[in-house]
Every structure is written in C-alpha cells, then in structure tokens.
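A short write-up of the structure that comes next.
It should be emphasised that the depicted structure is a prediction, and the values quoted were computed from it without experimental measurement.
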Amino acid sequence: MLNRKIRLKTHWPEMTLALAIIAFIAYFGAFAFLRQVNYLSGRFDLGIMDQTVWNTAHGRFFTLVDPNGLYGEVSRF
C-alpha cells in the first residue's frame with residue numbers, strides 16, 4: 001500500500017498530462033466527427049485534400065480543380 005502511494009505521488013504530472021491528452025483527443029475527435037456527419041464542414045475540409053491525393057495517385061501530382069472555377073486545375077505547391 002505504501003509503495004503504491006509513493007508511486008502515485010511521484011507520477012502525478014505524467015498521469016495528469018495523459019488524462020488531458022485523452023480528453024483533448026476525445027473532445028475534438030467527437031467534434032470533428034459530428035461536424036462531418038451533420039454536413040456542417042465546408043468544401044475545403046476533406047474534399048479538396050481527397051481530390052489532391054486522388055490526382056497524385058493517378059499521375060497529376062498535387063493538382064486540384066480550382067474551387068472558384070477561374071483557372072481550371074491549380075497546383076497545391
């Protein structure tokens with residue numbers, strides 16, 4: 001029992017940090033998921049990056065269609 005108390009006293013900063021990290025990931029992960037599921041995210045969130053990855057995989061390196069429709073394809077560089 002005494003050994004456990006000593007261990008908790010010496011490692012409380014690490015345990016507090018670990019709990020804070022877990023809470024941060026849980027909160028913002030749920031927020032991002034619910035935002036996407038409820039169609040509240042904008043077109044730049046996932047679609048633009050997905051299109052760039054797809055184009056790169058198919059030979060058009062780091063290109064995407066201009067979201068404003070002015071220039072055709074633009075480079076992510």
Side-chain cluster (under 4.5 Å, hydrophobic types only) that W54 belongs to, other residues: none
Between atom CD of Q51 and atom OG1 of T63, what is the distance when rounded to the nearest 0.5 Å? 7.5 Å
Could you state whether I25 and L17 fall into the same hydrophobic cluster, counting links through intermediate Ile, Leu, Val, Met, Phe, Trp or Tyr residues with side-chain heavy atoms under 4.5 angstrom apart? yes
Which value, rounded to the nearest 0.5 Å, describes the distance between F61 atom CZ and T52 atom OG1? 13.5 Å
Quick one: ring-ring contact (aromatic ring centres under 6.0 Å, His included) partners of F24, sequence neighbours excluded? F28
I'd like to know if the side chain of T56 reaches the main chain of F62, judged simply by a donor and an acceptor atom lying under 3.5 Å from each other, with no hydrogens or angles considered. yes
